[in-house]
Amino acid sequence: MNASSSRPQSDSAEPLRHDIRLLGRLLGTVIAECEGKRVFDTIETLRRTAVKFRREGNDADGKLLQERVKRLQGSDPNSVARAFSYFLHLSNIAEDRDQNRRQRARALADPAPSRGSLRETVQTLGRHGVGPARIRRLLAEACVMPVLTAHPTEVQRKSTLDEHREIAQALAHRDATLTPEELAEIDATLLGRVATLWQTRMLRYTRLTVADEIENALSYYRSTFLQAIPRLYGDLSRLLNRESAKPFAAPPPPLEPFLRMGSWIGGDRDGNPNVDAGTLERALLRQATVLFEHYLQEVHALGADLSMTTLLIAADPDLQALADHSGDDSPHRADEPYRRALVGVYARLAATAQALTGQNLARRSTVAAQAYDGPEAFAADLALVAKSLAAHHGAPIVRLRLAGLLQAVEVFGFHLATVDLRQSSDVHERALAELYTRAGTQHEGQPLDYLALDEDARVALLRAELAQARPLASPWIAYSEDTTRELAVLRAAAAGRARYGKQAVRQTIVSHTETLSDLLEVMVLQKEAGLIAPAGAPIQDDDGLMVVPLFETIPDLQRGATIMAAWLDLPEIRERVKRAQHGAQEVMLGYSDSNKDGGFLTSNWSLYQAERELVDVFSVRHVRLRLFHGRGGSVGRGGGSSFDAILAQPPGTVAGQLRLTEQGEVIQSKYKDAEIGRWHLELLVAATLESSLAPRAEAASAEDAHMARHGQAMSFMSETAQRTYRGLVYETPGFAEYFFASTPISEIAGLNIGSRPASRKKGQRIEDLRAIPWGFSWAQCRLMLTGWYGMGSAIEAYLETGAPGAPASRRARLAQLREMAREWPAFRTLLSNMEMVLAKSDLAIAARYAQLVPKRALRERIFGAISAEHGRTLAMLKLLTQRELLADNPMLQASLRERFAYIDPLNYLQIELIRRHRAAQREPDAAVDERVQRAIHLTINGIAAGLRNSG
């Protein structure tokens, strides 16, 4: 078979189907060889039954699938779970490869740039009169930062993810024109990789440590960010500098580092007792180590590349001087000043790495050299090399490797990524209370009880403390473990900034910010740790850590603008924002907890209103607002298309400033390799530019019109949706019992997928459960309740009764909602995300999970309410969109239909295994069957892989 016939191109979907069939066939071959014909036949029988059931919808096939799953015994459930899970893993790899293939095909077939590309965005802005100079001015003050977090929804091991990358690369090689022999060799490689995957343990036997999470995150820098980010800067620089298109024109200087990486891993203590000063120190050290390894490798390669001789081409005197002072006196390189200069650069870089990391990271022996004072000195030497090359007909040579390295130094410095600190406000509160008590502080003639003070008294006390130069904490007093830990973390941050640069740690995020004093408390703690200058000392650039409030619950979001107005009106804070924070203040918005608190619609509407109010507060005070979006993978946690979400933000909320979390399985999905990662980073930058620089007056006018015409309708629907949601989750007797019985939440808590506990407290209260496992559990049982519940009742109520100022007739109100769905980006994106969730939901499978609830009356009452709202929501969505689910996206519809045939057996198997596992637990002195428990965890892995954005 020749290469052209191996990948049919007549149908745009055929290459993907071909890849999936190929990988499925290879997996089947491996299973038959490793497990034997009987196991293979069992799996194949289940597969065919599930496919038939999904395609024909015959209930008899569903019952047959259930019966066949029930008959699985011994190690067969484990094998079945692994087989279907790995098929879904392989399908994901094929789909991601197909996405890249389509992007390339579009670029070749259509000279017009694709939507979301930097080229398209620059051209669009140009048509609106926004030229390169204006874009560069924005970028000089911009901040676009994806922030990697360790939130536990990534169920796959790093060993498995590494193998995924190898399979993806082999598939990419198959896209090239190949001889039959080359094709056979690649297929043999794929078979070997799939066999490796099958023989690799899918589950972790021990819980991840913070150190593990740090290493997992760093693997994405090696595979993606260190390559993709400089490439993206290079592409944008060429778009903005037409002169650089001339073959021998000097390359433009590196762009201002507007796109950087952030991380919570090692600094996020909120609810994680495993994070402390030691983990922060480790995170900073390991980041620097990975970065210096990369720099040393690049400089070493650069030295090999730059073989220019002065016998043929001149060099600048400054470059010659750098070579002469390099310590390289080899006669073999006497006429090669660039190589000699880079020998010295390499030696200084190795000395810097030794000084900062305590390790000898050099690939070869070096001459004695002085360490660089900072990344600026390293960049200056590289710039000197680039300048000399460009001056002597070497500009194309600069573009090969040196330009990317120069840009990397601008972006990554000596720190790689900014590590945020995060802690709950109540922890800060208790620490301050102890410091005041142990210091013997008096208040109105009595020993100070900080916790008993009202808000005004606290604010006055904390401001007075900030105005004093004397310390509050004493090195001679032994404080409680919690207070000692908090001070140690802040001191470690100060030491890390001094060692790796101030970009290493820049923000401290206050979870559960409810009052102004919550923010001032962190300022006092920074003062005690030496992070901010003492009272009376001048405030320097980047002095201290920016205190970032996190507004999470619905009430917190509603109070957010008032708190920030009070914060920015404090003279000492206003001065700090101006001098230390370059006129910018960050505010973090929580999607997960607001959704868990008020439901899907109310969360999104509260976030939207909070953003508009914050824009007004900051605009009046002439402070740049930077919103930090705490988004997750699932729609219930702010997931969905980041590009669409950014463009749907209220006007003025982006303005070149954007941070957002990348969590769980989303990190692997977006950033598994440099090509896919490059595209997702480009989408973020393009959306930020378009949202920031598109004509504001027109956008603001349209938004004001939408709010004036539809704001009351949204508020009415939000209130109705919240009552409906909270009525189910928090006010229905027995709901917590139903939830813990009908979902695999207890089994998820046993998975070793993160260092953070699933619940803030022991017990079975919904209030204490973390938002991430809450949403993850609903996804596993195919209900996705966090992404739609309450919407149906809200839309129906508005249509039936209206709201103050609403159109008088039902028909007119329906016309209004349809107009909102077409023309208001915020509402359109909301419905689009909900539609995706509903398309992945399956009420029939959810009903089987409900059977796990032993109390029939409880089961029927609560599932009946869920089922009714699900039907209502589907009907209302269809009424607004005037079409069936995903009818406007047949490719996604077909993909999901095929995918469900492989997820369904995992759901059926999970239900049966949970039933067995829980029955065994109820038996006195019964030993837990580890095979059953392991198989449950395998099904969780597979369902999460199949649904993808479920965490």
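Predicted model only: the values in this text are computed from it and were never measured. Keep in mind that the numbers below use all heavy atoms, side chains included, and drop hydrogens, waters and symmetry copies. Sequential numbering from 1 along the given sequence is applied to the chain's residues.
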- Query: Which of parallel (below 30°), tilted (30 to 60°) and perpendicular (above 60°) describes F225 and Y671?
  - Reply: tilted
Discussion item. So does T209 get a backbone contact from the side chain of D212, meaning a donor-acceptor N/O pair under 3.5 Å?
Written reply: yes
Over 60° means perpendicular and under 30° means parallel, so tell me whether Y233 and F258 are parallel, tilted or perpendicular.
tilted
**Prompt:** Side chain of R136, backbone of L240: donor and acceptor closer than 3.5 Å?
**Reply:** yes
Check: L118 main-chain N/O paired with E682 side-chain donor or acceptor under 3.5 Å: yes
Inset, instruction - Give a yes-or-no answer on whether the side chains of T289 and E293 include a donor-acceptor pair shorter than 3.5 Å. - result: no
* Asked: So do the side chains of D268 and T149 get within less than 4.5 Å of each other, counting heavy atoms only?
  -> no
### Task
Please say whether the positively charged group of R506, taken as NZ for Lys or CZ for Arg, lies over the ring of Y500, i.e. under 6.0 angstrom from the six-membered ring centre and within 45 degrees of the axis.
no
* Asked: Just by modelled atom types, is the E141 backbone N or O under 3.5 Å from a matching donor or acceptor in the Q657 side chain?
  -> yes
Check whether any side-chain N or O of R499 sits under 3.5 Å from a backbone N or O of L356 as a donor-acceptor pair, and report yes or no. yes
* To do: Check step by step if side chain to side chain contact (heavy atoms under 4.5 Å, CB included) holds for L139 and E256.
  => CA-CA 7 Å; L139 295 179; E256 290 286 335; 5.5 Å; no
From the list R576, R579, K578, K527, salt bridge (Lys or Arg N to Asp or Glu O under 4.0 Å) with D543 holds only for R576
Test log, rule side chain to side chain contact (heavy atoms under 4.5 Å, CB included), inputs L218 and Q287: CA-CA 7 Å; L218 288 173; Q287 287 186 175; 3.9 Å; yes
